[in-house]
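One structure is given below, encoded as structure tokens.
In what follows, every heavy atom counts, from backbone to side chain, and hydrogens, waters and symmetry copies are set aside.
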Amino acid sequence: MTFKAEYIWIDGTEPTAKLRSKTKIVADGTELPLWGFDGSSTNQADGGSSDRVLKPVFTCPDPIRGGANVLVLCEVLDTDMTPHSSNTRAALVEVAERFAEQESWFGIEQEYTFFKEGRPLGFPIGGFPAPQGGYYCGVGADEVFGRDVVEKHLDLCLEAGLAISGINAEVMPGQWEFQVGPAGPVEVADQLWIARWLLYRVAEDFNIAATLDAKPVKGDWNGAGAHTNFSTKAMREGYDPIITACDALAANAPAHVKHYGAGIEERLTGHHETAPWNEFSYGVSDRGASVRIPWQVEVEKKGYIEDRRPNANADPYLVTRLIVDTCCSALEKAGQV
């Protein structure tokens, strides 16, 4: 007997990497093997030395094929078994292990936009819909577009065992969000990549494309982000570590923004619930700040923070690594662990 293993990996396309996948038939009872691919076709090698290696790192049930079939997220290695330059997961694992005792938790809010026939789903031919606002968490055929795809995606994520914690319609027509977490830095990033793959895959069946473009429509329309909620054990127990984490993010703001996704200057303008990309701020209940401290966190004097800067197209391995490294280093130095 055999089963199908869908090997999924992140390619080397710049400035925003793409997901790739292919199917391997595996015998029952067999450990998932390393597998190869043509890196010259994925921007990860040249034609003269194109072999690259897929190393399975996370496996879950395949909710599309069902049965014993699985989805297999892989790291990309060079043929000497070292991480490929496009492999951002390996560096995250090192940082996560270094600060494991601080028990970092993440929840990532993944926004995305459906497109069909070259325009956002719900946009009329040759024009624009009513101004944004009423579409957020809306209901009704005049305000919500693509719910059948969204509900199917949610079901598939749950069947795959992913830590999906919610969905909602967003501010612009055809724009939606799902949330992954709470989970550790490696776990949340692995599961977000699988959830993204499932989104693209299920949208295929509806002849709809899902995009993570940070500013899918120019003008007076919200961009798409991946707001990242973060806490450590110390932050979940006290307020001073929360301020320490915010101050550390302020001190390292340029390094974070640089790796928070392509087109960040178009999205972080100071309008549409964003802070300017080149200015850092934090505040309680402030969605116009770079980092928001939820109101109940200030009341209870413990909890988490929301980094509102990451783009929808950001690499979650980079985002979680930067936040853990920056905040946990500062908390360790301050003795708040």
Side-chain angles (χ1 to χ4, degrees), residues 14-16 88 95 104 106-113 131-133 136 170-172 175 177 179 185 189 212-232 235 239-298 303-331 333-334 336:
E14 295 181 348
T16 302
T88 55
V95 171
S104 296
F106 284 87
I108 300 179
E109 305 169 22
Q110 177 68 72
E111 296 178 346
Y112 59 92
T113 309
Q132 65 182 26
Y136 174 70
E170 268 300 335
V171 175
M172 190 179 79
Q175 194 175 70
E177 172 184 303
Q179 302 95 37
L212 305 186
D213 192 314
K215 188 70 174 179
V217 180
K218 311 305 180 187
D220 192 20
W221 300 94
N222 272 32
H227 302 153
T228 301
N229 301 284
F230 168 74
S231 69
T232 65
M235 294 166 67
Y239 199 70
D240 287 345
I242 288 171
I243 300 303
T244 297
C246 289
D247 288 339
L249 289 170
N252 291 277
H256 283 245
V257 168
K258 180 180 178 181
H259 297 290
Y260 273 8
I264 201 160
E265 297 90 347
E266 295 182 26
R267 175 176 153 264
L268 298 186
T269 61
H271 303 288
H272 304 112
E273 300 180 293
T274 70
W277 67 271
N278 56 353
E279 298 177 15
F280 183 90
S281 60
Y282 68 87
V284 175
S285 197
D286 186 356
R287 283 180 166 78
S290 308
V291 171
R292 177 179 67 95
I293 301 172
W295 68 269
Q296 71 270 31
V297 171
E298 185 188 44
Y304 68 98
I305 58 176
E306 177 195 38
D307 191 336
R308 297 181 55 79
R309 296 170 296 169
N311 276 352
N313 58 15
D315 178 349
Y317 294 136
L318 286 175
V319 172
T320 57
R321 176 175 63 80
L322 286 165
I323 292 175
V324 168
D325 203 3
T326 292
C327 295
C328 290
S329 294
L331 290 167
K333 184 175 180 181
Q336 297 171 330

Within-4.5 Å side-chain heavy-atom neighbours: [X] and [Y]:
| X | Y | result |
| --- | --- | --- |
| Thr232 | Cys328 | yes |
| Gln336 | Met235 | no |
| Asp247 | Tyr282 | yes |
| Met172 | Pro216 | yes |
| Ile293 | Ile243 | yes |

Are any side-chain N or O atoms of [X] and backbone N or O atoms of [Y], one a donor and one an acceptor, separated by less than 3.5 Å?
| X | Y | result |
| --- | --- | --- |
| Lys215 | Leu268 | no |
| Thr228 | Ile108 | no |
| Gln179 | Gln110 | no |
| Arg267 | Arg309 | yes |
| Thr274 | His271 | yes |
| Glu111 | Gly225 | yes |

- prompt: Where do Phe280 and Leu249 land on the side chain to side chain contact (heavy atoms under 4.5 Å, CB included) test, with the steps shown first?
  reply: CA-CA 9 Å; Phe280 183 90; Leu249 289 170; 3.9 Å; yes
Approximate separation, where rounding is to 0.5 Å, of [X] [atom1] and [Y] [atom2]:
| X | Y | atom1 | atom2 | result |
| --- | --- | --- | --- | --- |
| Ile264 | Thr269 | CD1 | OG1 | 11.5 Å |
| Arg287 | Glu306 | CZ | CD | 6.0 Å |
| Asn311 | Leu212 | CG | CG | 10.0 Å |
| Asp325 | His256 | CG | NE2 | 8.0 Å |
| Glu170 | Thr113 | CD | OG1 | 9.0 Å |
| Glu177 | Tyr136 | CD | OH | 7.5 Å |

Non-hydrogen atoms of [X] and [Y] that approach each other most closely:
| X | Y | value |
| --- | --- | --- |
| Ser104 | Val324 | OG-CG2, 4.0 Å |
| Leu322 | His259 | CD1-CB, 3.7 Å |
| Gln175 | Ala224 | NE2-CB, 4.0 Å |
| Gly288 | Ala275 | O-CB, 3.4 Å |
| Ala314 | Tyr260 | CB-O, 3.3 Å |
| Ser290 | Asp307 | O-OD1, 3.7 Å |

task: Indicate whether the side chain of Glu109 and that of Asn229 have a donor and an acceptor atom separated by less than 3.5 Å.
output: yes
message: Could you tell me if Gln132 and Asn222 have a donor-acceptor pair between their side chains, going purely by distance under 3.5 Å?
response: yes
Derivation of the side chain to side chain contact (heavy atoms under 4.5 Å, CB included) call for Glu298 and Tyr239: CA-CA 7 Å; Glu298 185 188 44; Tyr239 199 70; 3.8 Å; yes
